[in-house]
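Worksheet: one structure, shown below.
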Amino acid sequence: MSSTEPAREYDFVVVSNRLPVDRVVAPDGTESWAASPGGLVAALEPVMRAADGAWVGWGGQPDLGLTPFEADGIRMIPVDLTAVDVEYYYEGFSNDTLWPLYHDVISPPSFHREWWESYVDVNRRFARAAASVAAEGATVWVHDYQLQLVPKMLRESRPDLSIGFFNHIPFPPYGIFSQLPWRTQVVEGLLGADVIGFQRVADAGNFSRAVRRLTGHATKSPVIEVAEDDGRTRSVIVRPFPISIDTANFEALARKASVQARAKEIREGLGNPRTIMLGVDRLDYTKGIGHRLKAYGELLAEGALKVEDVTLVQVASPSRERVAAYMALRDEIELTVGRINGDLSTISHQAISYHHHGYPREEMAALYVAADVLLVTALRDGMNLVAKEYVASRFNEDGVLVLSEFAGASDELKKALRINPHDIDGLKARILDAVNMPYREQQSRMRSLRKRVAEFDVQRWSREFLEALAEATRTRRGTGADVLDELGLSTETRKAD
Ligand code: G6P
């Protein structure tokens, strides 16, 4: 970590709830921060470098008292949260109100006025932090449901900025969204942006319908004409931009000799089963882990699958562990895993190899390489990048992806075996199809999936979003000034890509 040098002004500012950093503790006990190698960082790093960028976010723990610092060449601008902010804004309003509401109320959302007040307050602090580091006319890209009020707050204090917002999770149908007591404020908060991006066509449609029902603004897809207080109108673009992964990088990781060797080791460690099935999820009630276990357990109990032939590896990474719904889910899943293993495992063959851990990227890649079948059974999911990572790792062009139609990825990954996780019999039938799929069919499906993920990677996603934002801002300002040039995405660069 470095210095508290005087505030600088940045032409490109990313704002997200979490800073993309991991705390690193050296053997001598000293602590520092390293950029975490997630997809968003990979996508935005080139723009950050070309445009002199900064990232505004929270360090992940209460009361860290961090000052701005550099991690792997990225300027980090920390926003401090107190223990009460974490409880009300993060665990409360973000993850016990908005998260369940935006995921089809799979778990009932809680509505508390103190949580909302905290959400407004913390959003204001994020907006202030972004406004204080953004240069005149800078581009500010705000991410996800935790920060939906930031676009409007920013526009009020800094009308010179070009403001983008991307929602990584679904946007619910109006019948569900309308439960939110602060629904109008949220919609107006988002409409402060020049471009609002969603994962799916359906999400963008749901948002536009909410705008029609709650405000007097005219909508004509993809444009919403926002009537401002001074009588003027401002155009906001609302469109799907399905997010992706750093495909080339992920494939390179999967090809590494060390990862290949580790994949072999994993297979041997599991007793060399004929088929390894894999599930990789944050331990979240949206992921349909219980539905997956139910289908798999029934197939074993009926003898359609045998533990000598098939193993399910389930990675469930710990998440939001102080929120009651997540505690209850952990108990439920672990009880089910214990029962299935207790009833159906043998001394030499385990039915489910369960891991309540997060793993480094190399280990994840090795798991994808080892897995013959990946099960994605989400009840609702913005995109599901695990599905895309699996496809990117399968450079041998074999392996089967079983994919829920309720995950955003199913709009793009058409050659996956699509399932409705609520239909347990249908899910069981597709699992059997996956386990028994002839090699040639695996290849023809996987080739098509890989083509899609190679073509539409996260670099393309960020470029398309920033191009749409630059275009919208140019139109609003009525100038020829090219925001893309300022971001280092000149016309030549774009043509060469
Ligand atoms: C989802 C959200 C992200 C969030 C992540 C992990 O992917 O869209 O905004 O960062 O889950 O959740 P957490 O609460 O640990 O940040």
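One-based numbering, in listed order, for ligands and for the atoms of each.
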**OP:** Compute the shortest N/O to N/O distance between R320 and ligand 1 and return yes if it is under 3.5 Å, no if not.
**Re:** yes
**OP:** Go through the side-chain N and O atoms of R394 and Y368 and say whether any donor and acceptor fall under 3.5 Å apart.
**Re:** no
**OP:** Enumerate the atoms of ligand 1 whose separation from the nearest heavy atom of Y90 is less than 4.0 angstrom.
**Re:** 13 (P), 14 (O), 15 (O)
Original post:
With a 6.0 Å cut-off on ring centres, are F207 and F198 close enough?
Top reply: yes
Subject >> K388 bridged to E412 by N-O distance under 4.0 Å >> reply: yes
**OP:** With heavy atoms of R18 as the reference, note each atom of ligand 1 found under 4.0 Å away.
**Re:** 13 (P), 15 (O), 16 (O)
Original post:
Do the numbers put R452 on top of the ring of F456, so that NZ or CZ is under 6.0 Å from the six-membered ring centre and no more than 45° off the axis?
Top reply: yes
Subject >> Any N or O of S319 closer than 3.5 Å to N or O of ligand 1 >> reply: no
Original post:
Against heavy atoms of H168, which atoms of ligand 1 measure under 4.0 Å?
Top reply: 8 (O)
Original post:
Are the ring centres of W99 and H103 closer than 6.0 Å?
Top reply: yes
Original post:
Which of the numbered atoms in ligand 1 are below 4.0 angstrom from a heavy atom of I169?
Top reply: 8 (O)
Original post:
Considering the options Y145, W461, W141, F171, which one meets the ring-ring contact (aromatic ring centres under 6.0 Å, His included) requirement together with F166?
Top reply: W461
Original post:
Between D144 and ligand 1, is there a nitrogen or oxygen pair with a distance under 3.5 Å?
Top reply: yes
Subject >> N17, any N or O under 3.5 Å of ligand 1 N or O >> reply: no
Subject >> Any protein heavy atom < 4.0 Å from atom 7 (O) of ligand 1 >> reply: no
**OP:** Can you label the angle between the Y89 ring and the F126 ring as parallel, tilted or perpendicular, going by 30° and 60°?
**Re:** tilted
Subject >> Sub-4.0 Å heavy-atom approach of Q146 to ligand 1 >> reply: yes
